[in-house]
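Just so you know, ligand 1 is whichever comes first in the structure, and atom 1 is the first atom listed for that ligand.
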Amino acid sequence: MSLSRRRALQALSIIPAAGLIGALPRPARAAEFSLKYGNNLPMTHPLNIRAQEAAERIARESKGRAELAIFPNNQLGGDTDMLAQVRSGAINFFTPSALVVATLVPVAAINAVGFAFADYDQVWKAMDGSLGAHVRAAMAKVGLYAFEKMWDNGFRQITSGAKPIESAKDMDGLKIRVPVSPLSISMFKALSASPTSLQFSEVYSSLQTRIVDAQENPLPIIQVAKLYEVQKYCAISNHIWDGFWFVANGRAFDALPADIKAIVSNAINDAGLKQREDIKAFNATVQADLQAKGLAFSKPTPDSFRAKLRDAGFYGEWKGRFGEEAWGLLESAVGKLA
Ligand code: X2X
């Protein structure tokens, strides 16, 4: 089924979003290798649409020997639960944001240093190149195998309920939800906001009940998770570039026969590359869509944010925490930061 057809059917609820998997024809006999994959995003996000295609390809190319069973939308628990599950082998795959991987592998947050990447050319050169290789090697040390091609989350933007963000001074005291990640907390404290870490599964309700007033996420997430229903303003801050690592439990993946491993790797890496293109296309129209749904946009210049971070010692601190080698790889991709 083509992507546009699937999207159209979803929009018409002919394919119920969470029932997409159940709607697929199942092989008569259980697959020899049933691979469980959990993630935190709704079925309508390009990550799940492309993962579903990868699942179909894996079933086809393995002639039914392997099956990728997708558990989207936090069905298996929140991010930290799924991270624990993929480590223990309870699930085979998980696509955590690099921010979340960093609770386990600190250097994984290096792509999320504030205002480091200027554009996608820099992002993919670094993440498909030596910076990504450095992070993947660190993940391997804790038993996580990360596929080569990172998937796109996007440049993160700030939404708020009470007032718009026009410059860094509007961050003062802002009660903002951030992912469960030390870098996010550190960055928003340095911006003099009041950040709280919450798993993505709790974001909508915490905004709705005003436990927090603001959150930050790429526009495609704001759209598919319907955060515009519980927020009024959106500042195009581009403060962090964030991506999802497609990680496997290393031991379980290694134990698969070589031919199945190759089929799975190719399907997942190819799907990741297509997912990047989907986000690019999504970005071309999503702001207008969100505007039509009532979000009011502002575009603060990054200068006041960068200056605040620099004055608070943010860059110096994280250079120390990530170490010279990783920091050097980042700076060779984006230029001098600290
Ligand atoms: O939790 C978030 O904000 C999200 C969806 O962007 C991540 O997975 C980090």
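Less than 4.0 angstrom separates some heavy atom of F244 from each of these atoms of ligand 1: 8 (O). Here is the list of ligand 1 atoms found below 4.0 Å of a heavy atom in S97: 7 (C), 8 (O), 9 (C).
Counting only heavy atoms of the protein, atom 4 (C) of ligand 1 lies nearest to N217 OD1, 3.5 Å.
Residue-level proximity to ligand 1 for V203 is absent, since no heavy atom of it falls below 4.0 angstrom.
Residue contact annotation: N40 has a non-hydrogen atom under 4.0 Å from ligand 1. At least one heavy atom of R177 sits less than 4.0 Å from an atom of ligand 1.
The heavy-atom pair separating A168 from S304 by the smallest distance is N-OG, 3.1 Å.
Taking only nitrogen or oxygen atoms, main chain and side chain alike, E216 does not reach within less than 3.5 Å of ligand 1. The shortest N or O to N or O distance between R156 and ligand 1 is below 3.5 Å.
Remark: R276 is positioned above the aromatic ring of W124, its terminal NZ or CZ atom under 6.0 angstrom from the ring centre and at most 45 degrees off the axis.
For K261 and D254, the salt-bridge test passes: some basic side-chain N is under 4.0 Å from an acidic carboxylate O. Ion pairing between D152 and K280 fails under the 4.0 Å rule for side-chain N and carboxylate O. A salt bridge is defined here as a Lys NZ or Arg NE, NH1 or NH2 lying under 4.0 Å from an Asp or Glu carboxylate O, and E277 with K274 fails to meet this definition.
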Determine, stepwise, if the pair Y37 / T95 fulfils side-chain hydrogen bond (donor to acceptor under 3.5 Å, both in side chains). CA-CA 8 Å; Y37 160 44; T95 36; 2.8 Å; yes
